[in-house]
Protein chains: 2
Amino acid sequence: MAECEHVHEGPAGLTGRDLNHALSQADDRCARAGERMTQPRRRALALLLEAGRPMKAYDLIDIFGEDGRAAKPPTVYRALDFLSRQGLAHRIESLNAYVACEMGERRHAAAFLICDCCGATEEIEPFAPERVQAAAADAGYLIDRVTIEAHGRCPACL
Amino acid sequence: MAECEHVHEGPAGLTGRDLNHALSQADDRCARAGERMTQPRRRALALLLEAGRPMKAYDLIDIFGEDGRAAKPPTVYRALDFLSRQGLAHRIESLNAYVACEMGERRHAAAFLICDCCGATEEIEPFAPERVQAAAADAGYLIDRVTIEAHGRCPACL
DNA sequence: CGATGCGTGTTATAATGTATCGTTGCTTCT
DNA sequence: AGAAGCAACGATACATTATAACACGCATCG
């Protein structure tokens, strides 16, 4: 992360009632999808929601245990894979990090604005999906998944 | 890489005169930019051009020495960083891999179509750059670099 | 010349991600 | 209820990807 001279708090995550509400909604979504929201999956989501910004897998591993003990890597990676499959979280490839989904819908495409100064990210609507498909069709490709990550500076770090 | 039933050769890379020509052009570009095309940098670029598809850093490390001996990781990572900075190669975040640039211009934005079956990639013109900037402006971000990677199947693997 | 900057080679280590195996706890079928 | 099948878990070990730190060489420039 290229530091900048600004020092400020990153985006706050969820706490208390907001957090519980978001977790309950995730529970519902899983139930409707016939998927199981197990303890480690829920814990991983809670940590992402609390953080409110992208978290490295090993950061989660370190703080995973409610008692302060670390988790085993596969526990967290499995949970993150699940959350990504369900659209409850997204992997940010250019950061090797994961972030809770900010949109409501299940299994949607995502795009991100990422601040290289403070680490804040903003999930945005993927732009020009039709032009992706058009470009792919020109080359004869059939696309099922698109990664879009725009790096720069957030308003607070400009 | 999710296999598919098709078996076919991936895209061929450059050889012989074509390879030397491409390397000479890279030499020229570096000279004009006041950068040094050193031996390891040139070797890394040659390997990428020969491969004609994305290569993992450790694949390059293994075959780096002309005498068949492996290189040390920092040697290759430094060369790849340099090539990326110069726009002579691109990093593909979602593959942890690197590919020689197929466009002529220096330091341009890139986007990729990636076949999850055979590993072929196609570098395409980034679509809708103005819409990226617009979306970023809405959120107050200033963007300097955008990663766009579309995964699917290439014509040969459909 | 001496100092500075950049690139290199080397060693070591950090950070990130997976394979595998045995177990547990549902769900479903009879 | 009992058994079979399956999904997820926990644990160990390991594989892959990437960087830190330091010494050296060589060019440039005051």
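All figures in this text were calculated on a predicted structure; none of them were measured in a lab. Order of the sequence lines fixes the chain letters, A, B, ..., with proteins taken first and strands second; residue numbering starts at 1 for each chain.
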Whole-Å distance between dT17(D) C1' and Ile92(B) CD1? 16 Å

Interatomic distance, Asp59(B) CG vs dT17(D) P [rounded to whole Å]: 8 Å

Sub-4.5 Å side-chain heavy-atom contact between Arg43(B) and Arg41(B): no

Any donor-acceptor N/O pair, Arg91(A) side chain to Ser84(A) backbone, under 3.5 Å: no

Has the side chain of Arg29(A) got a donor or acceptor atom that lies under 3.5 Å from a matching backbone atom of Gln86(A)? yes

Phosphate contact (dA8(D) OP1 or OP2) by Arg42(A) side-chain N/O below 4.0 Å: no

Asn96(A) CG to dA18(D) P, in whole Å, measures 7 Å

Backbone of Glu93(B) reached by a side-chain donor or acceptor of Glu149(B) within 3.5 Å: yes

Rounding to a whole Å, what distance do you find between Lys56(A):NZ and dT19(D):C1'? 12 Å

Rounded to the Å, how far apart are Asp81(B) CG and dT19(D) C1'? 10 Å

Tyr58(B) or Tyr58(A), whichever maps to the more 5' nucleotide of DNA chain D: Tyr58(A)

Do the charged groups of Glu130(A) and Arg131(B) touch, with an N to O distance under 4.0 Å? yes

Using the side chain to side chain contact (heavy atoms under 4.5 Å, CB included) criterion, which residues pair with Val132(A)? Sequence neighbours excluded. Val146(A), Phe127(B), Ala150(B)

Leu95(B) side chain near His151(B) side chain, heavy-atom distance below 4.5 Å: yes

Which atom of Val76(B) lies closest to which atom of Ala71(B), heavy atoms considered: CG2-CB, 4.0 Å

With a strict under 4.0 Å distance from non-hydrogen atoms of chain B, what nucleotide opens and what nucleotide closes the contacted stretch of DNA chain C, reading 5' to 3'? dG7(C) to dT11(C)

Could you tell me which residues satisfy ring pair (Phe, Tyr, Trp, His ring centres under 6.0 Å) with Tyr141(A), sequence neighbours excluded, listed by chain and number? none

Report the residue (Pro40(B) or Tyr98(A)) whose heavy-atom-nearest nucleotide on DNA chain C is the more 5′ of the two. Pro40(B)

Leu60(B) CG to dT16(D) P: how many Å, rounded? 15 Å

Has the side chain of Arg153(B) got a donor or acceptor atom that lies under 3.5 Å from a matching backbone atom of Cys117(B)? no

Within residues 67-78 of chain B, residues whose heavy atoms come under 4.0 Å of DNA chain C: Lys72(B), Pro74(B), Thr75(B), Arg78(B)

Residues in side chain to side chain contact (heavy atoms under 4.5 Å, CB included) contact with Ala110(A), at least two apart in sequence or another chain: His90(A), His108(A), Phe112(A), Glu123(A)

note: Met55(B), atom CE; dT17(D), atom P; distance rounded to Å ~ 12 Å

Show me the protein contacts with nucleotides 23-27 of chain D, counting only N or O atoms at under 3.5 Å.
none

